[in-house]
Amino acid sequence: MVSTSRVGAAACWPKTTEADHISREGSHYSLGSGMLPSLGAKSTRNVKLGPLIISPYDSRYRVWKVFLIVLVVYTAWVSPFEFGFLHHATGALAITDNVVNFFFAIDIILTFFVAYLDRTTYVLVDNRKDIAFKYLKSWFLLDVISTIPSELARKVLPRNLRSYGFFSLLRLWRLRRVSALFAKLEKNRDYSYFWVRCVKLIFVTLFAVHCAGCFYYLLADRYKDPTMTWIGAAIPNFQNESLAIRYVTSMYWSITTVTTVGYGDLHAENIGEKIFTMFYMLFNLGLTAYLIGNMTNLVVHTTTRTRKFRDTIQAAMSFAIRNTLPVRLQDQMISHLSLKFRTDSQGLQQQETLDALPKAIRSSITHHLFFELVQKTYLFRGVSNDLLFQLVSEMKAEYFAPREDVILQNEAPTDFYILVTGTMTNETEVNLELKKMQIVTTAKNGDLVGEIGVLCYKPQLFTVRTRTLSQVLRLNRASFLNLIQSNVVEGTIIINNLLQHLKDRMDMDPAISTVLKEIEAMVTRGRLDMPLTLTFAVVRADISLLQQLLRRGLDPNECDNDYHSPLHIAASMGNEQCVRLLLQFGADPNCRDAYGKVPLGEAIITSHETVAEVLFYNGATLSAEDSALYAFIATEQNKKGLLENIIKYGGDVSAKTKDGDTALHKAVCDGNIELVEFLLDNGCNMDTPNNYGLTPRQLADQQSHEEIKSIFEVRKKDSTTAESTKTTPGLITRYRSEPVMRQVQMAEDNTGTTSTKRANFNNSVFGVLSLAKRPDEVAYGFDNQRIGRGGARITISYSKKAKGASKLVFLPESIDELLRIGETKFGFAPTRVLTIDGAEINDVTVIRDGDHIVLAGTDD
């Protein structure tokens, strides 16, 4: 069965780790040695070749092939030399020949174990039978013949072919290895292409000269009359001369013939020599054309850019003169073209190199080079790294020569630039006739130019001109806006940064004040192409912009990464108008951010009473978790008034935080006696444990708060009396005579009963789950209290005449269940359900989310 492995499989001669193989192969990578996988093929570098099979890309096998190349060079010299000058084997030379033949015999054996690349499928074949069959039908026979020793060949060949060295000419077959070596070296990036080609041309020329000289001497040596030969005419007894003289004379004739500077002293004397000389001269025509063509290509390649540069400069000068351009523009044209030539000739084609790469590699390079610079630019402060990465990938690197105009005053906006190196100036015309320019500001590394025109689509305010050689990053307006449109929150940050930057520069340039007012007016009228968020309008307290954005259909419940909504910000800032407008367009008054904070709590914490009342009347509540968070914050800040407001708006100051702590735990830890007494008076339990099992009383013991311990002891002894004397501040409640706000929508259920729901409740997860229940299904909330009516929450208290704590509970399914809840919560058996006005309620469906209900007995 044929076993194959994909590109780059590890070699097994001997076994090596895959990491070793990859590292060795990677260091010698070239186009000539790389293998292309078949379409749809998966990488199988972890697949091993068969046992005793050698990978052709194994580094040790490559060393072996290089060693054979050295032996081939020796063969290329000695084979023609033996054929032309020697009649019999000499000691040292014969031994050397046989040793070289022995190494090539070993290579023949190894070839039967070397995997080969199937050129149709690009798969390494490691099956021994397939390897042997392919080798036997290709070069096996010639390799074996070229390895047979000359001494053995002379005994086997016929008598007329027994000339020494004749059989050794077959060894020139090995020269194919040299040709393959040069082909790989030409593609290898570690070697200069120019010098590799020069060495190859020199090698070809010397080999041709050597072979021709040896063959030409053979004709003279074997001729019947030695005096009638080309060498015999000059040296009558040439056969008696030393081998060195005869060889040098032959090389002399061959070189003068190749260079076509002969014949004066050595020339053909007989017909055989003349025929050989004719064919040799014809061969020289091709060889000379090959040499001249290659050398011309190498030289022209190095001078093409210079010639092209001179032609470009000449064309530019002709254009400038023909159109009578000013000298300043001519200088700028020449400077820019010269700079481009300089960067190209020095290998600084930065953008050209990047454009030739895949997007992933290009993005990684630009991120490595420019990310930190862009991140420090004022316009992108606070912008997420994801957007910065996308922006950097779209930027183009360019060079500008000194005194070159980058942006012209009043030019239409297309790009803005970040200065990487060099210096630029923002200049404005002070005398149109004299074209006198005044420097307004100077830009240095990391500064932006042209951003106002791009972001606000206004004509450029200044002419931007380089003072020194400058490298810039250019970002196209269309690309920039495409990225910002999908990152609305980031666009808001960028506009804020621009406006703040202009405010900081107002003192430096009075013209900036006018520009700032114009941009602010454009923002208010919504005429910017930049996407704006409701948060941006709320932060700026721009009611007009906020109203326009809401009318465009922006979601009033949009959030940032921390789920902070515009209503949160408006409530914390105390902006009542923004709060009312957001609620009018359906903002959820009970939306939570990532930290569990709600708008009502933000208004309470920041002491904005009016905003808190607006939120409360529009359905905002403090659930148990929210109450715990805000009560803990109020206790930490030692603000009793905040605790009173939490209770005032229906919050439970005894609720636990996520850590199980209550506000009382915090008050005990801080040793705040006043808040401890206040919290005990308002429903906090001294025996409520946190997640670590510690109660407030145990904390007081651990921290030795004697006064607090005595308070707890007194409260413990008279707990029943203390429970009956707890007071609750008056609650702000809603009356049925109030007009229904826009965010409270009227809806009819299937039974025809009208009920009210907050606009956004059904869009919440809890609302969806609640509405999905069948009428007979019942859910359970805190303390196993049954939840009905779609999760609505109400505040209940008992007997208007009595003073007791209020409780926030879920609205049950029936009046009877509501009475049972009251009995559980307050310890008495109510018989009636009343509104805060005293009207009796007989049907639970008329109770709305957030209503305040009074439970009363028969005598009340």
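Between the side chain of Asn127 and the backbone N or O of Asp130 there is at least one donor-acceptor pair closer than 3.5 Å. With hydrogens and angles ignored, the 3.5 Å screen pairs no side-chain donor or acceptor of Gln375 with any backbone N or O of Phe371. The main-chain N or O of Thr259 is never found under 3.5 Å from a side-chain atom of Asn284 such that the two would form a donor-acceptor pair. Between the side chain of Ser479 and the backbone N or O of Leu475 there is no donor-acceptor pair closer than 3.5 Å. One N or O on the side chain of Thr256 and one on the backbone of Trp253 form a donor-acceptor pair closer than 3.5 Å. Of the possible donor and acceptor atoms, none in the side chain of Ser254 sits under 3.5 Å from a partner among the backbone N and O of Ser250.
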task = In sequence, state the C-alpha distance, the side-chain angles, and the governing distance for Phe215 and His210, and then conclude on ring pair (Phe, Tyr, Trp, His ring centres under 6.0 Å).
result = CA-CA 9 Å; Phe215 296 157; His210 174 71; 8.8 Å; no

ask   = Do Phe238 and Trp230 pass the ring pair (Phe, Tyr, Trp, His ring centres under 6.0 Å) test, and can you show the C-alpha distance, the side-chain angles, and the key distance before you say yes or no?
value = CA-CA 11 Å; Phe238 69 90; Trp230 65 272; 7.9 Å; no

query = Where do Phe83 and Leu218 land on the side chain to side chain contact (heavy atoms under 4.5 Å, CB included) test, with the steps shown first?
reply = CA-CA 8 Å; Phe83 178 66; Leu218 179 69; 3.1 Å; yes

query = Run the side chain to side chain contact (heavy atoms under 4.5 Å, CB included) check on Asp97 and Tyr74 step by step: do they pass?
reply = CA-CA 9 Å; Asp97 286 346; Tyr74 166 78; 2.9 Å; yes

Verdict with reasoning, Phe81 to Tyr247, per ring pair (Phe, Tyr, Trp, His ring centres under 6.0 Å) = CA-CA 9 Å; Phe81 180 78; Tyr247 179 74; 5.7 Å; yes

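Salt-bridge formation is detected for the pair Arg176/Asp143: a Lys NZ or Arg NE/NH1/NH2 atom is positioned less than 4.0 Å from an Asp or Glu carboxylate oxygen. At a threshold of 4.0 Å, the pair Asp107-Arg177 counts as salt-bridged, since one of the basic side-chain nitrogens sits closer than that to a carboxylate oxygen. A salt bridge does not link Glu241 to Arg246: none of the charged side-chain nitrogens sits closer than 4.0 Å to a carboxylate oxygen.
Side-chain polar atoms of Gln239 and Asp221 form a donor-acceptor pair below 3.5 angstrom. No side-chain donor from either of Tyr217 and Thr249 sits under 3.5 Å from a side-chain acceptor of the other. Side-chain polar atoms of Asp386 and Ser384 form no donor-acceptor pair below 3.5 angstrom.
Few gaps surround OH on Tyr290; more than 12 heavy atoms of other groups in view lie less than 6.0 Å from it.
Put simply, OG1 on Thr366 and CG on Leu473 are 9.0 Å apart, with the number rounded to the nearest 0.5 Å. Here CH2 of Trp173 is found 10.5 Å from CG of Leu141. Values are rounded to the nearest 0.5 Å. Rounded to the nearest 0.5 Å, atoms CD (Glu82) and OG1 (Thr75) are 9.5 Å apart. We find the OG-CZ distance between Ser363 and Phe389 to be 5.0 Å, quoted to the nearest 0.5 Å.
For the pair Thr257/Tyr216, no side-chain contact is recorded, criterion being any heavy-atom separation below 4.5 Å from C-beta on. The side-chain heavy atoms of Val420 and Leu373, taken from C-beta on, include a pair separated by under 4.5 Å. Two residues are said to be in side-chain contact when any heavy atoms from C-beta on lie closer than 4.5 Å; His368 and Ile365 fail this criterion.
Tyr417 and Phe400 have perpendicular rings, their planes meeting at more than 60° on a 0 to 90° scale where under 30° would count as parallel.
For Arg174 and Phe104, the positive end sits near the middle of the six-membered ring, less than 6.0 Å away and at most 45° from its axis.
Across all non-hydrogen atoms, the minimal contact from Ile292 to Thr296 is O-OG1, 2.6 Å. Nearest heavy-atom pair, Pro51 versus Arg128, reported as atom, atom and distance to 0.1 Å: O-NH2, 3.2 Å.
Aromatic pair Phe112/Tyr135: centroids less than 6.0 angstrom apart.
Here Leu172 pairs with Ser79, Pro80, Leu169, Leu175, Phe207 under the side chain to side chain contact (heavy atoms under 4.5 Å, CB included) rule; sequence neighbours left out.
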